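The chain is numbered in sequence order, starting from 1. Small disclaimer: the values here were computed from a predicted structure and weren't measured.
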Amino acid sequence: MTYIAESLILRAIEELKTSTHPFLGITFLACKKVGLPVGTTVRVRLDTVTKAHLQRHHRLDADSTHFFQPFKSSKTWVKSNYASTGLQATNTRTFGNVFLHQRGSAEWGFAQDYVDLIKSGIRTRGYRRAPLAAIAVWAAKDQEWAGNTALDGLVTDFLRRYRITSKERRALFSTAHFLKLHPVASQDQPPRLVQSKAPDLKAIAHGIQLPPDADEPKGTLAAIEMTKVGPADSLKLELGKRLTVIAGDNGLGKSFLLDVAWWAATRRWAGRPAMPFGREATEIARLSYELTTDAGRRTCYSRFEPRLQTWVHQREYPQVPGLYVYAGVDGAFSIEDDHRDETDEAPLNFTAREIWDGKPGRMEGLVRDWVNWQLSGRRWFSVFERVLSRLSPSDLGTLRPGSPKRIPGDPRMIPVIRHPYGEMPVLYTSVGVRRIMALAYMIVWAWQEHLLGSEMRGVPPAQRLLLLVDELDSHLHPFWQRTILPAILDIDELLDERLQMQVVVSTHSPFVLASLETTFDPSSDALYHLRLEGTEVRLRSEEFYKHGDVSSWLTSPIFGLRYARSKDAERVLDDAVQLQLDHSTDRLEIQRISDRLKKVLPSDDPFWRRWIYFAEQAGAKL
């Protein structure tokens, strides 16, 4: 047996929330279930009937005293006494003429023309007929179903269980297929109707809005998914709890994935918002993400609104409390901190120049903060020194601060770094050194500001830090590429022993992947590869294998080179191998290939042994 798929339940709730009145979705169904008569009355307490219905279908969070409300209403969660308060008022006042009932009595029944009265009452209040398929999914969301169940089967079962008459069906329910009105997948990949495990109804409800009596859960960003936006029709990235590495060729979407991960974590865009292109794409473009929390997985989404040319979020847009740092390949940084002033809506985006020279009202900048921390003896300089030391390259040695000094044309005291060959003002160091110094500074600065904001608001510091770094290997020598990622993974313990860091990086470097061979943990880390297959961009999760030699990484599926050599050498080797496979004895052609090999291979290249043996067997003399 199977269950209705979570994605289908979520889509049904979205449709019900657009136009379905709570009276039709709760009171009417509850009355139909108990067989309330028409034109006469029976002794029954309507509050008891509706409360029993709420207990059966709307208690999605057993830890909450509230009921989940999937219909169009100002409240997504209603109190436990909703049946005898808000809903009772709706039943006796708004739709009082629908029933045969004397005030104060326990006699209830449907009026003879109840269908027309319900239809009129819904219309005059701006609601529409309930989508039949969506409400059938909602009513059957926790039942077991056969694996070949179709949407029509759910509808038929709903009509039978609630004794819905043909007149009720025509007047009160819309038979338009809600998935056809709002497609959630491409035509060649229709949405799944069933899944093997029972749906996590609590996670679905929490993904739309937390109940008022729920604590904000702690968790991590677990997945991001894109439909009809970006380089492919559909991409889904399941993130590792500790580390996610994304590899792939240029132009396939590595930076895009990091941008969407940043949007999912912070509710902001670090640069330009993602935009779908093409008529079909703009109609169904969708971004979603999943959080792993104490309450399970919570799915959250945004859809693109073509008329507004913007992303429209679900009513409640949850976020895991924490600190977020995004390092762009161009030297820019974005910071998000839920512990800073909640009235401050401006995003903390800094250009590469602002990182160094400061941004008025926001940040002093690396040059001033470094000197101020150093000369004032603040503990933050000690933290910064430790982080900088951890991130230092193996070839240059530990990056150690020297005594600040003035340089011509600049009124500021400038930080100095000690190299093995002497001291140098930081403004004159290499691009690679400056990038890592900026990374160390921004992490320390962001954590310092987070602690200050936590103290001012009287709340404990976050225990999670999400760090995203685009093209981690950019500007770094292979010596540094071999050590930088393992060093980054150890930064959290330098800031706070309770801090847990989640790192997402993109890279083009085999050295970066080789550096993980002793630290990669499949239980907490993930490796992904973006590749072009024909005209389609595919994102694939890859198992992490140790390849040892970096040239073996280059010829692994992650990088996909046929040979760890130049392009010219690759062409000659292809011709030489093909000649061997053909068992050719054309001595002249063998000699031509040999002459070409001499131009691209060193004399001690291992391939020569194989080639010379082949040539001798063919009778050629090299």
Side-chain angles (χ1 to χ4, degrees), residues 7 10 184-186 207 219-241 243-278 281-282 284-292 297-305 309-314 317-320 322-330 332-336 347-349 464-472 502-507 526-532 536-541:
S7 58
L10 178 62
V184 296
S186 59
T220 56
L221 184 63
I224 55 175
E225 186 170 8
M226 297 127 278
T227 302
K228 292 296 183 181
V229 61
D233 283 346
S234 178
L235 291 176
K236 184 170 184 179
L237 177 69
E238 294 272 355
L239 286 86
K241 295 179 182 179
L243 172 66
T244 304
V245 181
I246 307 168
D249 204 351
N250 293 64
L252 298 185
K254 296 188 300 299
S255 298
F256 174 74
L257 289 174
L258 265 66
D259 286 345
V260 174
W262 178 257
W263 161 85
T266 68
R267 296 170 291 182
R268 304 180 192 270
W269 293 101
R272 290 180 179 273
M275 296 288 287
F277 297 101
T282 56
I284 61 176
R286 181 183 175 96
L287 294 171
S288 62
Y289 68 93
E290 295 178 19
L291 303 177
T292 298
R297 279 208 171 193
R298 300 172 61 193
T299 302
C300 320
Y301 70 91
S302 286
R303 60 178 177 82
F304 189 77
E305 176 51 62
Q309 287 292 291
T310 189
W311 293 95
V312 178
H313 308 309
Q314 63 190 67
Y317 198 70
Q319 174 190 13
V320 172
L323 176 64
Y324 309 93
V325 179
Y326 186 4
V329 69
D330 59 353
F333 277 79
S334 294
I335 306 292
E336 182 65 28
L348 286 175
N349 293 330
R464 297 191 179 276
L465 188 156
L466 174 63
L467 174 66
L468 300 98
V469 185
D470 195 10
E471 294 192 23
L472 176 63
Q502 185 181 21
V503 179
V504 183
V505 302
S506 67
T507 183
L527 172 61
Y528 279 86
H529 181 209
L530 278 164
R531 69 180 73 191
L532 187 63
E536 299 290 328
V537 175
R538 304 290 186 189
L539 177 66
R540 300 202 180 278
S541 175

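- To the nearest 0.5 Å, atom CG of residue L539 and atom CD1 of residue I246 are 7.0 Å apart.
- Ring pair W263/W269 is parallel by interplanar angle, where below 30° counts as parallel and above 60° as perpendicular.
- For the pair W311 (side chain) and M275 (backbone), a donor-acceptor distance under 3.5 Å is absent.
- Between S506 and E471, some side-chain heavy-atom pair lies under the 4.5 Å cut-off.
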Quiz item: Which is it for L466 and L323 under the side chain to side chain contact (heavy atoms under 4.5 Å, CB included) test, yes or no, and what are the steps along the way?
Solution: CA-CA 6 Å; L466 174 63; L323 176 64; over 6 Å; no
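- Q502 contributes atom CD, which lies 10.0 Å from atom CG of L467 (distance to the nearest 0.5 angstrom).
- When all heavy atoms of R286 and V229 are compared, the closest pair comes out as O-CG1, 4.1 Å.
- The distance from the OG1 atom of T227 to the CG atom of L235 is 9.0 Å, given to the nearest 0.5 Å.
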Exercise. Just do the side chain to side chain contact (heavy atoms under 4.5 Å, CB included) check on L258 and W262 with the steps written out, would you?
Key: CA-CA 6 Å; L258 265 66; W262 178 257; over 6 Å; no
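- Panel note: side chain E225, backbone L287; no donor-acceptor pair is recorded below 3.5 Å.
- The heavy-atom pair separating P231 from G253 by the smallest distance is CG-CA, 4.2 Å.
- L239 approaches L221 most closely through the heavy-atom pair CB-O, 3.8 Å.
- Scanning both residues, Y326 and D259, for their nearest heavy atoms gives OH-OD1, 2.7 Å.
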Exercise. Given side chain to side chain contact (heavy atoms under 4.5 Å, CB included), test F256 with M226 step by step and report yes or no.
Key: CA-CA 10 Å; F256 174 74; M226 297 127 278; 3.3 Å; yes
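- Between A526 and G240 the shortest heavy-atom distance is CB-N, 3.9 Å.
- Annotation: the span from L243 atom CG to L527 atom CG amounts to 9.0 Å, rounded to 0.5 Å.
- When all heavy atoms are compared, the tightest approach of A261 to I224 is N-CD1, 3.9 Å.
- Counting heavy atoms from C-beta on, the side chains of V245 and T507 come closer than 4.5 Å.
- Between L468 and V505, every side-chain heavy-atom pair lies at or beyond the 4.5 Å cut-off.
- Pairs of residues two or more places apart, or lying in two chains, that qualify as side chain to side chain donor-acceptor pair (under 3.5 Å) and include a residue from residues 247-258 are K254-H508, S255-D470.
- Residue L237 holds its CG atom at 6.0 Å from OG1 of T244, rounded to the nearest 0.5 Å.
- The existence of a salt bridge linking E536 and R531 is excluded, since no basic side-chain nitrogen approaches an acidic carboxylate oxygen closer than 4.0 Å.
- Within the 4.5 Å cutoff, the side chain of V537 has heavy atoms near those of the L530 side chain.
- Of the inter-residue distances, the one linking S541 atom OG with K236 atom NZ reads 12.0 Å to the nearest 0.5 angstrom.
- Under a 3.5 Å cut-off, the side chain of E336 and the backbone N or O of L348 do not form any donor-acceptor pair.
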